[in-house]
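Take a look at the structure below.
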Protein chains: 2
Amino acid sequence: MIDSSVAVSCSNCSVRRLCLPAGLSLEDIARLEQVTRKKKVIKAGESLYRPGDSFQNLYAIRSGSFKSVIIAADGDTQVTHFALPGELLGLDAYSKQVHSSYAEALEDSSVCRLPFAQLEILAQQVPALQQQIYSIFSEELRQENEILMLLGKRSADTRLAALLINISSRYASRGYSHSEFILSMPRTDIANYLGLTAETVSRLFSRFQRQNLIKVNGRVVQVIDLLGLSELAGTHCGYEGEI
Amino acid sequence: MIDSSVAVSCSNCSVRRLCLPAGLSLEDIARLEQVTRKKKVIKAGESLYRPGDSFQNLYAIRSGSFKSVIIAADGDTQVTHFALPGELLGLDAYSKQVHSSYAEALEDSSVCRLPFAQLEILAQQVPALQQQIYSIFSEELRQENEILMLLGKRSADTRLAALLINISSRYASRGYSHSEFILSMPRTDIANYLGLTAETVSRLFSRFQRQNLIKVNGRVVQVIDLLGLSELAGTHCGYEGEI
DNA sequence: CGGCTTGTTGATCCTACTCAAGAGGTGTGG
DNA sequence: CCACACCTCTTGAGTAGGATCAACAAGCCG
């Protein structure tokens, strides 16, 4: 894990409108940059933080992707989130001031490190930043509710369809193709996230391909029939930025 | 839904240390009270807000209990939370300024209404309140993660055991018995919350009783063997205030 | 009392899990 | 350059846990 401590600029960051600076004036963005000028490069498989680490920073993803994982007392794990550029990691550690999950890079990635103590002080002075922090907290709660819905009721094919649509839409809102993308996570992580086994996920990918909903080749996914996929998902897809 | 608009006092509220005033000085509590002096009585079955309602207030539960429910596009529902006195409802609506869930009273209950716009301004001036709001957001994220773990991996009996222990501990932290309590929600709500059917939940209650883990009579639950129940739950119980 | 809601129990079925074998891809070292 | 180990992914066969369908009991309230 290299801490290159490079000065970063929010104003020319490609995901600024999905990240903390969203809704801030140029002046306020400048103040935010002074608090958050550290940039870190994280290699695939490395972790930003681990359970038990004291809470010091939030991390904003600049590029790459991460999984958030919690570990139960018996060592069992649960993937709770796949995070893409512009998203913040670490918010759940605030209340206990200790991380209870770990965030592992699914591919070589880079993040901005945001010392929360400083962010907190700045937010006290900049209402727009304050509101953006509330907004991100609240949005994360809303998204977790949708995952709950998925895990609570839905069949295996519905869950996978919903995940594919969700990821597709999130890539789209970041300027990438919504019809073809590369899943940065292995089948086991997808299965864990969806509350299924890797075998079931693999079978579903094969079946979706037979049904001409998608084309799969390893981690490369091409969406053929978005409508069909949406119907399968029952629109419980958490399509980002919409409703 | 009666808006009795009674002046309320946080300082003599029995759940103040679980609620927003936690960690605040007497002086700051007084300022908080001025923002939040409305009290509402909600009858069993009535809702605090519904999906589509604009976000104006947070609600702090004084007495009684609520369920939070989200509704999917196809009308399917998911109970995401059972809320007890001291807990805040409505946080997930901030980012969109519209409620996407509803909060229904499981029994006759009373709440404090907190106009968020005013709370936001006060928090800007009172860092301790600010921190308490972050803390509540963060804690809610952490709790949702634990539910995710439950729904994602665990067997039916583990889920129910974990819920019973969770509720038991939450009653205990509010000064009630942890070994005997009344479930304010019907079996269908428990089932929905746990991602099971009402029949399965009912069978599990019967089985737990046969195994001498609990004694059940309708909604009255008596915990006989807390340790056995904990083992079943695998300590994925979200025991409040601990870890 | 009678209608309604909530909860219990039984029988059967089906979805996704488990166990197992093998294919495809990648990186390392000889 | 090939051989080998290793890891991820796929596919198959059998199984089990929870869903579904259905009947009935127990409260509760007008």
Side-chain angles (χ1 to χ4, degrees), chain A residues 43-45 67 76-79 104 106-108 150-164 182-211 214-222 232 234, chain B residues 43-46 65 67 76-79 82 104-108 150-164 182-211 214-222 232 234:
Chain A
K43 291 202 177 152
K67 61 173 173 180
D76 204 6
T77 61
Q78 172 72 38
V79 175
E104 182 184 312
L106 292 166
E107 58 195 308
D108 292 356
L150 213 59
L151 291 190
K153 324 194 82 67
R154 305 285 166 187
S155 60
D157 50 6
T158 298
R159 296 186 200 189
L160 184 60
L163 175 63
L164 288 175
I182 296 171
L183 296 169
S184 56
M185 68 295 285
R187 297 285 189 269
T188 49
D189 284 345
I190 295 176
N192 184 303
Y193 176 73
L194 295 177
L196 303 170
T197 58
E199 293 94 324
T200 299
V201 169
S202 182
R203 276 184 250 272
L204 286 170
F205 271 120
S206 302
R207 206 184 85 202
F208 284 2
Q209 183 159 242
R210 279 199 305 278
Q211 295 171 331
I214 59 174
K215 243 180 96 49
V216 203
N217 188 359
R219 297 194 183 176
V220 182
V221 174
Q222 196 183 339
L232 239 183
Chain B
K43 291 202 176 149
E46 291 180 339
S65 55
K67 61 173 173 179
D76 205 6
T77 63
Q78 172 72 38
V79 175
F82 294 120
E104 182 183 313
L106 292 165
E107 59 195 307
D108 293 354
L150 213 59
L151 292 190
K153 321 196 84 68
R154 304 285 165 189
S155 60
D157 50 5
T158 298
R159 296 185 199 189
L160 184 59
L163 176 63
L164 288 175
I182 296 171
L183 296 169
S184 56
M185 69 294 287
R187 298 285 189 267
T188 49
D189 285 345
I190 295 176
N192 183 304
Y193 176 74
L194 296 176
L196 304 169
T197 58
E199 293 95 324
T200 299
V201 169
S202 183
R203 276 184 249 273
L204 286 170
F205 272 119
S206 302
R207 206 185 84 201
F208 284 2
Q209 183 159 243
R210 279 199 305 278
Q211 294 172 332
I214 58 174
K215 245 181 96 48
V216 203
N217 188 1
R219 296 193 184 177
V220 182
V221 174
Q222 195 184 339
L232 239 183

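Chain A is the first sequence line, chain B the second, and so forth, proteins listed ahead of strands; every chain is numbered from 1.
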Check: residues 190-199 of chain B side-chain donor-acceptor pairs under 3.5 Å, at least two apart:
unit_1: B:Asn192; atom_1: OD1; unit_2: B:Val79; atom_2: N; d: 2.7
unit_1: B:Asn192; atom_1: ND2; unit_2: B:Thr77; atom_2: O; d: 3.3
unit_1: B:Asn192; atom_1: ND2; unit_2: B:Thr77; atom_2: OG1; d: 3.4
unit_1: B:Thr197; atom_1: OG1; unit_2: B:Thr200; atom_2: N; d: 3.3
unit_1: B:Thr197; atom_1: OG1; unit_2: B:Thr200; atom_2: OG1; d: 3.0

Short side-chain N/O contact to C:dG7 OP1/OP2 from B:Arg219, under 4.0 Å: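 True: B:Arg219 side-chain N/O within range (under 4.0 Å) of C:dG7 OP1/OP2.
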Could you tell me which non-hydrogen atom of [X] sits nearest to which non-hydrogen atom of [Y], and how far apart they are?
X	Y	result
A:Arg159	A:Arg154	NE-O, 2.9 Å
A:Gly152	B:Gln78	CA-OE1, 3.6 Å
A:Ala156	A:Leu204	O-CD1, 3.6 Å

Interface polar pairs with nucleotides 23-25 of chain D, N/O, under 3.5 angstrom:
none

Sequence-distant partners of B:Ser155, side-chain contact (heavy atoms from CB on, under 4.5 Å), two or more places apart: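 Result, side-chain contact (heavy atoms from CB on, under 4.5 Å) vs B:Ser155: B:Asp157, B:Thr158.
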side-chain contact (heavy atoms from CB on, under 4.5 Å) partners of B:Val216, counting only residues at least two apart: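 Counting only residues at least two positions away or on another chain, B:Val216 forms a side-chain contact (heavy atoms from CB on, under 4.5 Å) with B:Arg187, B:Phe205, B:Gln209, B:Ile214, B:Val221.
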Roughly how far, to the nearest 0.5 Å, is [atom2] of [Y] from [atom1] of [X]?
X	Y	atom1	atom2	value
B:Gln222	B:Ile182	CD	CD1	12.0 Å
A:Leu151	B:Leu150	CG	CG	10.5 Å
B:Glu104	B:Met185	CD	CE	12.0 Å
A:Ser202	A:Arg207	OG	CZ	12.5 Å

What is the distance, to the nearest angstrom, from the [atom1] atom on [X] to the [atom2] atom on [N]?
X	N	atom1	atom2	answer
B:Phe208	C:dG7	CZ	C1'	17 Å
B:Arg159	D:dG17	CZ	P	14 Å
A:Glu107	D:dT8	CD	P	16 Å
B:Asp76	D:dA19	CG	P	14 Å
A:Leu160	D:dT10	CG	P	11 Å
A:Arg187	C:dG24	CZ	P	15 Å

A:Asp108 side chain to A:Lys43 backbone, donor-acceptor under 3.5 Å: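 No; zero donor-acceptor contacts below 3.5 Å.
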The helix from C:dC1-D:dG30 to C:dG30-D:dC1: angle between end helix axes, five pairs per end, rounded to 10 degrees: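 It comes to 30° between the two terminal axes.
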Sequence-aligned protein contact record of nucleotides 9-19 of chain C, with B where the base is within under 4.0 Å of a protein heavy atom and S where only the sugar-phosphate is: BBB----SSBB
